Amino acid sequence: MTNYLIGIDGGGTSCRAAVASADGRILGRGKAGAANILTDPETALANIGEAARAAFIEAGLDPQGITAAKAIVGVAGHNVGDAVHYVKRRLPFAAADIESDGLIALQGALGNRDGAVAILGTGSIYILRQGETVSYVGGWGFTIGDHGSGARIGHALLQESLLAFDNIHEASAVTDSVLAEFNNEARDVVDFARLAKPGEFGRYAPRVFEGAAAGDPVAVRILKAAALTVDEALDVVVARGCERLCLLGGLAPLYRPWLADRHQVLLVEAEADALTGSVAVAAQRFGTQARAGA
C-alpha cells in the first residue's frame, strides 16, 4: 500500500484535511465538524478521522489508507500536554505530530521564508520564524490576553454601550444599535456578557469596523485603541528581526488600514492557507523532503 501524507487544519468550527503524495502534492481535500482538542477531544478525534477519510475519497483513494498515512495535525491547544498526549495516542494514522494551528498558518502564508504572521480573529497571536527558530508573542486567551482580537473589540463595544446608557460617555449610532438589540435594557446586556464566550463577543467586532469606517466616534475610539495593541505586538516582532509581516484571520483585511505606517511597509500577502501549510510541514517531516535531507 502506498503511504500518503495528511495535513489537518483543525478549528473550533470545522476541521479540514488534505491527502498528499510523499512529495507534498495535494491529491484531495475533505471537511468535517469542529476539532477542539481541549473542550471536546472525542469529537475532535472523530472529525479529524472523518475529514481525512473525505479527503481520501475525493482523491479517489481507499479511505482505509489513512491507517498507513503520516500526518501533521494543526490545532489550538498544541501546548497543553494532557490533551495532546490523549489525542495523539488515539489518532488513526501510522504516525502523527500535533502542532500549533498558528505554525501551519505561518508555513502556509510564508512558505519557507523567514517572517511573521499576525493572526487576528476571535483571538490574537503573533508568530515569528527566523531560520529554524519559531517564537510566539501573545495568544494567552481572552480572559487575560488576546488584545486587539475580535472578542476584545466586541467586549469593548458592550462596555461603551453601558457607559452611554449611564450617560458617562457620549452615545453614538453604534452604541445605540447595541442597546436597541437588547431592547434598551442594560440588565439584558449584563446578563448576556456574564455568560458570553469569546466568539459571542467577537460577533460585535465587524460592527465596530463598519462604524469606524463611517466615522462613528465611539467605534473609532475603540478601534484606535485596539490597533494600538496590535502595533505594540508587531513592534516586538520587528525588534526581533522580522522584515516580512503577513496578516491572517477574519479581521486581517479590516485591520490593515488602521495599523501604523511603520508596519504597512512590511506587509506581504499570504502565499497559501493553513491547510496547505500543514501538508508542507508533513512533507518536510515525513515525506521525500525529509528523506532527501536525511
Side-chain angles (χ1 to χ4, degrees), residues 7 9 11 16 74 76 99-142 145-154 156 198 202 204-216 219-281 284:
D9 176 20
R16 299 185 301 150
E99 296 290 353
S100 161
D101 53 352
L103 178 66
I104 64 171
L106 181 146
Q107 181 66 39
L110 299 178
N112 293 323
R113 298 182 298 169
D114 285 354
V117 294
I119 304 177
L120 303 168
T122 301
S124 63
I125 189 170
Y126 308 82
I127 308 170
L128 169 67
R129 181 172 62 202
Q130 296 169 296
E132 299 298 315
T133 302
V134 176
S135 58
Y136 295 80
V137 175
W140 302 118
F142 172 74
D146 282 356
H147 302 291
S149 68
R152 283 286 182 181
I153 291 171
Y204 290 94
R207 194 177 308 189
V208 175
F209 281 94
E210 292 166 7
D216 183 280
V220 168
R221 186 167 68 249
I222 292 171
L223 198 45
K224 282 184 175 179
L228 176 61
T229 68
V230 175
D231 279 324
E232 288 174 336
L234 292 177
D235 283 339
V236 173
V237 169
V238 171
R240 293 181 184 179
C242 174
E243 298 179 351
R244 184 182 294 109
L245 294 170
C246 187
L247 303 183
L248 303 176
L251 298 183
L254 302 176
Y255 250 124
R256 187 161 184 161
W258 292 91
L259 299 181
D261 289 344
R262 64 184 181 276
H263 298 136
Q264 298 282 353
V265 297
L266 302 178
L267 294 178
V268 298
E269 296 298 322
E271 293 182 4
D273 63 6
L275 182 59
T276 302
S278 67
V279 171
V281 175
Q284 292 169 359

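Fair warning: this is a prediction, and the values are worked out from it, not measured in the lab.
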Inset, instruction - Please check if the side chain of D114 supplies one atom and the backbone of G131 the other of a donor-acceptor pair under 3.5 Å. - result: yes
Inset, instruction - Specify the closest pair of heavy atoms between A205 and G150, including all atoms of both residues, with the distance to one decimal. - result: CB-O, 3.6 Å
Legend entry - Note, N112 side chain near Q284 side chain (heavy atom, < 4.5 Å): yes
Inset, instruction - Any chance you could measure L247, atom CG, to L266, atom CG, to the nearest 0.5 Å? - result: 10.5 Å
Inset, instruction - Report yes or no: does E99 contribute a side-chain atom to a donor-acceptor pair with the main-chain N or O of V281 at less than 3.5 Å? - result: no
Legend entry - Audit row: Q107, T276, side-chain contact (heavy atoms from CB on, under 4.5 Å) steps and yes/no: CA-CA 8 Å; Q107 181 66 39; T276 302; over 6 Å; no
Legend entry - For A116 against V237, the heavy-atom pair lying closest together: CB-CG1, 3.4 Å
Inset, instruction - Looking only at non-hydrogen atoms, find the nearest pair between V208 and A219 and report the distance. - result: O-CB, 3.4 Å
Inset, instruction - Answer whether the closest heavy-atom distance between the side chains of V268 and L110 falls below 4.5 Å. - result: yes
Legend entry - OG on S100 to CD1 on I127, rounded to 0.5 Å: 4.5 Å
Inset, instruction - Check the pair R262, L234 against side-chain contact (heavy atoms from CB on, under 4.5 Å), reporting the backbone distance first and the verdict last. - result: CA-CA 10 Å; R262 64 184 181 276; L234 292 177; over 6 Å; no
Legend entry - Shortest non-hydrogen contact between P198 and F142, atoms and distance: CG-CB, 3.7 Å
Legend entry - Exam field: side chain S149 to backbone T122, donor-acceptor pair closer than 3.5 Å: yes
Legend entry - OG on S278 to CG on L103, rounded to 0.5 Å: 10.0 Å
Legend entry - Value rounded to 0.5 Å, distance of CG in L128 from OG1 in T133: 9.0 Å
Legend entry - SB check D9 R16 (cutoff 4.0 Å): yes
Inset, instruction - Drop me the distance from R221's CZ to D216's CG, to the nearest 0.5 angstrom. - result: 9.0 Å
Legend entry - side-chain contact (heavy atoms from CB on, under 4.5 Å) between R113 and E271, intermediate numbers included: CA-CA 11 Å; R113 298 182 298 169; E271 293 182 4; 3.2 Å; yes
Inset, instruction - Check whether more than 12 heavy atoms from other residues, nucleotides or ligands sit under 6.0 Å from atom CD of E243, and answer yes or no. - result: no
Legend entry - Nearest heavy-atom neighbours spanning V134 and Y136: CG1-CE1, 3.9 Å
Inset, instruction - Go through the steps to decide whether I222 and F209 satisfy the test side-chain contact (heavy atoms from CB on, under 4.5 Å), and finish with yes or no. - result: CA-CA 9 Å; I222 292 171; F209 281 94; over 6 Å; no
Sequence neighbours excluded and cut-off under 3.5 Å, please list the side-chain donor-acceptor pairs for residues 248-261, or say none.
| unit_1 | atom_1 | unit_2 | atom_2 | d |
| --- | --- | --- | --- | --- |
| Y255 | OH | G148 | O | 2.7 |
| R256 | NH1 | E269 | OE2 | 2.9 |

Inset, instruction - To the nearest 0.5 angstrom, please state how far the OG1 atom of T229 sits from the CD1 atom of I153. - result: 8.0 Å
Legend entry - Closest contact, heavy atoms only, A105 versus I119: CB-CD1, 4.1 Å
